[in-house]
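To keep things clear, I will list the structure first and then write my remarks on it.
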Number of protein chains: 2
Amino acid sequence: MSRSRGPSIEDVAREAQVSVATVSRALRGLPNVAETTRLRVEEIAQQMNYRADPSAARLATGQTKLVQLVTPTADGWYFSRFIAGAIAVLIANGYETISHPVANPEEREAFISDLVRLEKRVDGLIVVDLNISEDAALEMHNAGIHAVTAGFTTQKFPSVIIDDYHVGFLATDHLLKLGHTRIGLISGQPNHPLAFSVPGLRLAGYTGALAAAGISIDTTLEQSGMFTAEGGRRAMERLLDLADPPTAVFAMSDEMAFGAWGALQDRNLSWPDDIAIVGVDDHELAPLVGLTSVRLDPRGLGGIAAKQLLALIANDGEHGPSSEAIQDAAEAVNSRIEVVARTSTIG
Amino acid sequence: MSRSRGPSIEDVAREAQVSVATVSRALRGLPNVAETTRLRVEEIAQQMNYRADPSAARLATGQTKLVQLVTPTADGWYFSRFIAGAIAVLIANGYETISHPVANPEEREAFISDLVRLEKRVDGLIVVDLNISEDAALEMHNAGIHAVTAGFTTQKFPSVIIDDYHVGFLATDHLLKLGHTRIGLISGQPNHPLAFSVPGLRLAGYTGALAAAGISIDTTLEQSGMFTAEGGRRAMERLLDLADPPTAVFAMSDEMAFGAWGALQDRNLSWPDDIAIVGVDDHELAPLVGLTSVRLDPRGLGGIAAKQLLALIANDGEHGPSSEAIQDAAEAVNSRIEVVARTSTIG
DNA sequence: ATGAGTCATGTAAACCGTTACATTCGCGTT
DNA sequence: AACGCGAATGTAACGGTTTACATGACTCAT
């Protein structure tokens, strides 16, 4: 029962009484094919259920029309949407996407040491949320690999990023405007083994906003943990245990904010009466608990990452004219970042 | 700047002073290669940073070592974990996974009509949550395509399914045991355009449990909507608006249950004092609102789906001995389905 | 009528592995 | 000494495209 192969281009050529070259050209819409010929070939190909074998095409052209998506966190709220956005754009452009999660630091190392050899397997990489060293990035770049990063930056590759400073600033500023002066922070771990730069930037936005308001920084108000409800809960408990607890908290994700909400419940506290909270992501469940949140557009940003990569592939490293359009799109996404106010901060 | 291709097998052969055949055999761990030769070839390949071009290998063998994952819902809670589990197993077995979401009914149709021609592109398919007609499935099967389905069943392909009847039964039974006799249902839409069989089976489990308890079915207590918080909220509102509302509700997913919780909040009701609720999934956020939930193991099930597919590919359609082991694993997953009781039902 | 210039098509060489079959070699048997 | 056999290796065909280059036909201007 060996795997049957369908009709080949030769079969089509024979049937259509032309050469394989003509079939190839006709089917790919290349110029210099008589219209009548093209029509005939197309019809016959259709009839025979012919499809070019992608492996053969890849071998001949050296282009795989494949993009690899590398990420440690395929099921987080933010990145699962980012990924969906990227894949949608890639498919619309004739690319398929290989998902390759790296579950732990060892896999991450194995992956990175493999990166350089990846060149033949895919046309490009979207590396999400995975802190690659400058050295590794340089090596990849020298090997001619096209990549776009998200959630962290390198010198050599374009990265599609949210203006995370802005996110932190906006959230904190929202609380400041409500009159809070003692504002806690529930942060993601800045030095996670599969680390990325988001926590650092949002932290900077937080301190920046405080500084702009002339409020001095109290680092006991900065608690960090995993980007999960459980992490948020624990961080909140630490804040509540403080001798002088905050009156408001900026949580770096809604999932963390949900955990913080849980911690409040446990102590029979609620927002905004006892503590005001603002999260990030505008999670579907945020409205349910009245969580104020900074709305992002992960799907849109994923799409931009894909476009960026496609541009890179198209120019094979040269900077093409399309990059401005992409910049504009990225800025548009960033300009759409905004606080969605709900009861958690309406004091 | 054309894409450079790395060293080929011929380069390695020259360097190692053997034929390409020997290199191929040595590097793939085939027998009939002198150990000294193998070592030398391996070392040289390592040095030269050689990797076999997968496209060439695919062309030669007809095997792509690629599996395509088709799903309408890449970012739902359940299926994103299912997918992660499947990919992990596939990667462990040397397969890469192409993610191909179909966002809407049109894409679904286009995809299905394309399925038959897919044979050359990938070795197998995992089709998730996408209602394929028996005719289409038959056609695929005749074309020699290997596939495993999840979330729905067909005659021709094995499907990896949770015992969803059991899920519905267990949840309802839990409420019955707490003394409830008027139990509402918040169901997923049974006839969604990208429909799957889960709602029907859970509904059957619900009615089965009621029947077993000698309680007559009141269809006004069955409200359906999208598998989202919003869908759950609306359904709950309809239940609360009934002249004779239920004292307990089985929601087919935690996300729906969260929505129901929101509806209760809006009316200043709470669980379990006013209405007891049990959901499904044991979502991370379930503990926060004290939601009782039926715990499933999507990740484990995804892994089983992958194993099932790999077995199918290995035997190329013949039923091999491995299938029993897979059956056992599936049963193990089903036997682990259980109600995690929290405050939402502890009356 | 001839040459230049287009356009449509064909020829054949890549692309880079895998693998059936052939060959060589060394060794143990009889 | 001849033979057989298995292990190690080599030879070459094959998989299905793409594409540089060659060819042929036809048009148009001179």
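What's counted below: heavy atoms across the whole structure, side chains too, no hydrogens, waters or symmetry copies. Order of the sequence lines sets the chain letters (A, B, ...), proteins ahead of strands, with each chain counted from 1.
Nearest to the side-chain atoms of Asn32(A) among the listed nucleotides dG10(D), dG17(C), dC7(C) stands dC7(C). Minimum atom distance to the side chain of Asp53(A) is reached by dT17(D), of the listed dG10(C), dT17(D), dG17(C). Taking the side chain of Arg28(A) as heavy atoms from C-beta on, and the options dT9(C), dG16(D), dT19(D), the nearest nucleotide is dT19(D). Relative to the side chain of Thr22(A), the nucleotides dG10(D), dT9(C), dT18(D) differ in distance, and dT9(C) lies closest. Here dT18(C) is the nucleotide among dT18(C), dT11(D), dT9(D) with the atom lying nearest to any side-chain atom of Thr61(B). Considering only side-chain atoms of Ser19(B), the nucleotide from dG10(D), dA8(D), dT18(C) that sits closest is dG10(D). Between dT17(D), dT19(C), dG15(D), one nucleotide has an atom nearer to the side chain of Leu59(B) than all others, and that is dG15(D). Of the candidate nucleotides dA8(D), dA8(C), dG15(D), dA8(D) has the atom nearest to the side chain of Ala34(B).
Within 6.0 Å of the CD atom in Glu134(B), the count of heavy atoms belonging to other residues, nucleotides or ligands exceeds 12. When the shell of 6.0 Å around CD of Glu10(B) is examined, it contains 12 or fewer heavy atoms from other residues, nucleotides or ligands.
Judged by distance alone, with hydrogens and angles left aside, Arg25(B) brings a side-chain donor or acceptor within reach of the base of dG10(D), the pair sitting under 3.5 Å.
Each of Val20(A) and Thr36(A) was matched to the nucleotide of DNA chain C holding its nearest heavy atom; the match closer to the 5' end belongs to Thr36(A). Toward the 5′ end of DNA chain D lies the nearest nucleotide of Val18(B), the other residue of the pair Val18(B) and Ala21(A) mapping further downstream.
Of the inter-residue distances, the one linking Leu90(A) atom CG with Ile126(A) atom CD1 reads 5.0 Å to the nearest 0.5 angstrom. If you take CD1 on Ile9(A) and CG on Asp53(A), they are separated by 11.0 Å, rounding to the nearest 0.5 Å.
In this structure, the CG atom of Leu27(B) is 14 Å from the P atom of dT19(C), given to the nearest Å. Glu10(B) has its CD atom 13 Å from the C1' atom of dT11(D), to the nearest Å. Taking atom CZ on Arg121(A) and atom C1' on dC16(C), their separation rounds to 14 Å, with Å as the unit. Following rounding to the nearest Å, Ile9(A) (CD1) and dA14(C) (P) show an atom-to-atom distance of 19 Å. Rounded to whole Å, atom P of dT18(D) lies 12 Å from atom NZ of Lys65(A). If you take CG of Leu30(B) and P of dT9(D), they are 13 Å apart, rounded to a whole angstrom. One atom, CZ of Arg51(B), and another, P of dC15(C), lie 22 Å apart when rounded to the nearest Å. In this structure, Leu39(A) atom CG and dA8(C) atom C1' are separated by 16 Å, rounded to whole Å.
Using a 4.0 Å heavy-atom cutoff across all strands shown, Ser55(B) reaches no nucleic acid atom at all.
Of the residues Ile87(A), Val89(A), Val67(A), the one that meets the side chain to side chain contact (heavy atoms under 4.5 Å, CB included) test with Tyr95(A) is Val67(A).
A donor and an acceptor atom, one from each side chain of Arg28(A) and Ser24(A), are located under 3.5 Å apart.
OP1 or OP2 of dT18(D) lies within a sub-4.0 Å distance of a side-chain N or O belonging to Ser24(A).
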